[in-house]
> 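Below are the structure tokens for one structure; questions will follow.
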Amino acid sequence: MSVELGPGETREEQIDEIGAVVGLLESHIGDGLVLRAESTDEWTPEYHAEHRRPTADCPGEDQYRNEVFFYHRDISFEDAYSAAEKIADELGFTPNDAVNDTGAGSSRMMFSAQSEDGRTFIVRESASEDENVEVVYNTRCTDHESNREARDEFMLKEREERQRERDEQ
């Protein structure tokens, strides 16, 4: 089976893309996947649009992408690695064999894969005692104004909140 992620240019397309990846995660990893967020454990497109700003960790100027972080407490490293391989295959991503490691022996489990246009998918052993496995997904970088506008709105809201807090002191 193959999953078409679409062009991934606009913020809405990138949020839809994350939804497709979440569906794959749920079908391959199952219950126990928890969104790393302050106010909820479950990812929804609405939550992402309202609470997650696009990141600027892209090589180009004025390029942004969306990312999502999950963790899973109750999955073995072997099962997580196997699921990650299947998901990457369904996404059409190329595994990064230079860093991938099943975690056998004393090494840490790590699976990383990337698309030709820069989308990344990572499943790795967590450094936290409370979390067993971390999952990170990044959409591709884009200079579409919808991501820039969303980032600007988040930055403005954060500035206003900081100012409000200073005024209350």
> Spell out, as yes or no, whether a donor-acceptor pair under 3.5 Å connects the side chain of Thr10 to the backbone of Ser146.
no

> Is any side-chain heavy atom of Glu13 closer than 4.5 Å to one of Glu17?
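A side-chain contact under 4.5 Å is absent here.
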
> Could you check if a side-chain atom of His72 sits within less than 4.5 angstrom of a side-chain atom of Glu134, using non-hydrogen atoms only?
no

> Given the rule that I, L, V, M, F, W and Y join up when any side-chain heavy atoms are under 4.5 Å apart, are Leu24 and Leu35 in one cluster?
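Yes, because Leu24 and Leu35 connect within a single hydrophobic cluster, where side-chain heavy atoms sit under 4.5 Å apart.
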
> Kindly indicate whether the side chain of Glu42, heavy atoms from C-beta on, has any atom under 4.5 Å from the side chain of Tyr47.
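A side-chain contact under 4.5 Å is absent here.
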
> Backbone N or O of Val34 within a donor-acceptor pair of the Arg73 side chain at under 3.5 Å?
no

> Looking at side-chain heavy atoms only, is the closest gap between Thr142 and Gln63 below 4.5 Å?
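They are not in side-chain contact.
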
> Looking at CD of Gln14 and NE2 of His48, how far apart are the two atoms once the value is rounded to the nearest 0.5 Å?
8.0 Å

> side-chain contact (heavy atoms from CB on, under 4.5 Å) between Val123 and Val133: does it pass, once the steps are laid out?
CA-CA 7 Å; Val123 177; Val133 171; 3.5 Å; yes

> With rounding to the nearest 0.5 angstrom, report the CD to CD distance, Gln163 to Glu168.
10.5 Å

> Name the one of Thr55, Thr120, Asp57 that satisfies side-chain hydrogen bond (donor to acceptor under 3.5 Å, both in side chains) with Arg65?
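Checked Thr55, Thr120, Asp57 against Arg65; only one passes side-chain hydrogen bond (donor to acceptor under 3.5 Å, both in side chains): Asp57.
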
> Any salt bridge between Glu158 and Arg53, counting N to O under 4.0 Å?
yes

> Where the side chain of Thr40 meets the backbone of Ala37, is there a donor-acceptor pair that is under 3.5 Å apart?
no

> Show me, pair by pair, the donor-acceptor contacts under 3.5 angstrom made by side chains of residues 74-85, not counting sequence neighbours?
residue	atom	partner	partner atom	Å
Ser76	OG	Asp79	N	3.0
Ser76	OG	Asp79	OD2	3.3

> Spell out, yes or no, whether Tyr64 and Ile15 are grouped together once hydrophobic residues are joined by side-chain heavy atoms under 4.5 Å, including indirect joins.
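No, Tyr64 and Ile15 fall in different hydrophobic clusters.
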
> Applying a strict under-4.5 Å side-chain criterion to I, L, V, M, F, W and Y, I'd like to know whether Phe69 and Ile122 cluster together.
yes

> Between Asp101 and Ser107, does a side chain to side chain donor-acceptor pair (under 3.5 Å) hold up when you go through it step by step?
CA-CA 7 Å; Asp101 191 323; Ser107 60; 3.0 Å; yes

> Under the ring pair (Phe, Tyr, Trp, His ring centres under 6.0 Å) definition, can you give me all pairs with a residue in residues 140-169, not counting sequence neighbours?
none

> Roughly how far apart are Ile18 CD1 and Leu25 CG, rounded to 0.5 Å?
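So the CD1 of Ile18 and the CG of Leu25 are separated by 11.0 Å.
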
> What are the two closest non-hydrogen atoms of Ala150 and Arg11, and how far apart are they?
CB-CD, 3.3 Å

> CD of Glu61: more than 12 outside heavy atoms within 6.0 angstrom?
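Open.
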
> So, Arg140 and Glu9, do they make that salt bridge, N to O below 4.0 Å?
yes

> Would you indicate whether the side-chain heavy atoms of Phe93 and Leu5 approach each other to under 4.5 Å?
yes

> Let me have the donor-acceptor pairs involving side chains of residues 108-116, under 3.5 Å, with sequence neighbours excluded, atom names and distances please.
residue	atom	partner	partner atom	Å
Arg108	NH2	Glu125	O	2.7
Ser115	OG	Asp117	N	3.4
Ser115	OG	Asp117	OD1	2.4
Ser115	OG	Gly118	N	3.4
Ser115	OG	Arg119	N	2.9

> Do the non-hydrogen side-chain atoms of Asn132 and Tyr71 ever get within less than 4.5 Å of each other?
no

> Would you name the heavy atoms of Arg52 and Asn66 that are closest together and state the gap between them?
O-OD1, 4.4 Å

> With a 4.5 Å cut-off on side-chain heavy atoms, are Glu161 and Arg164 touching?
yes

> Please report the interatomic distance CG(Asp152) to NZ(Lys157), rounded to the nearest 0.5 Å.
13.0 Å

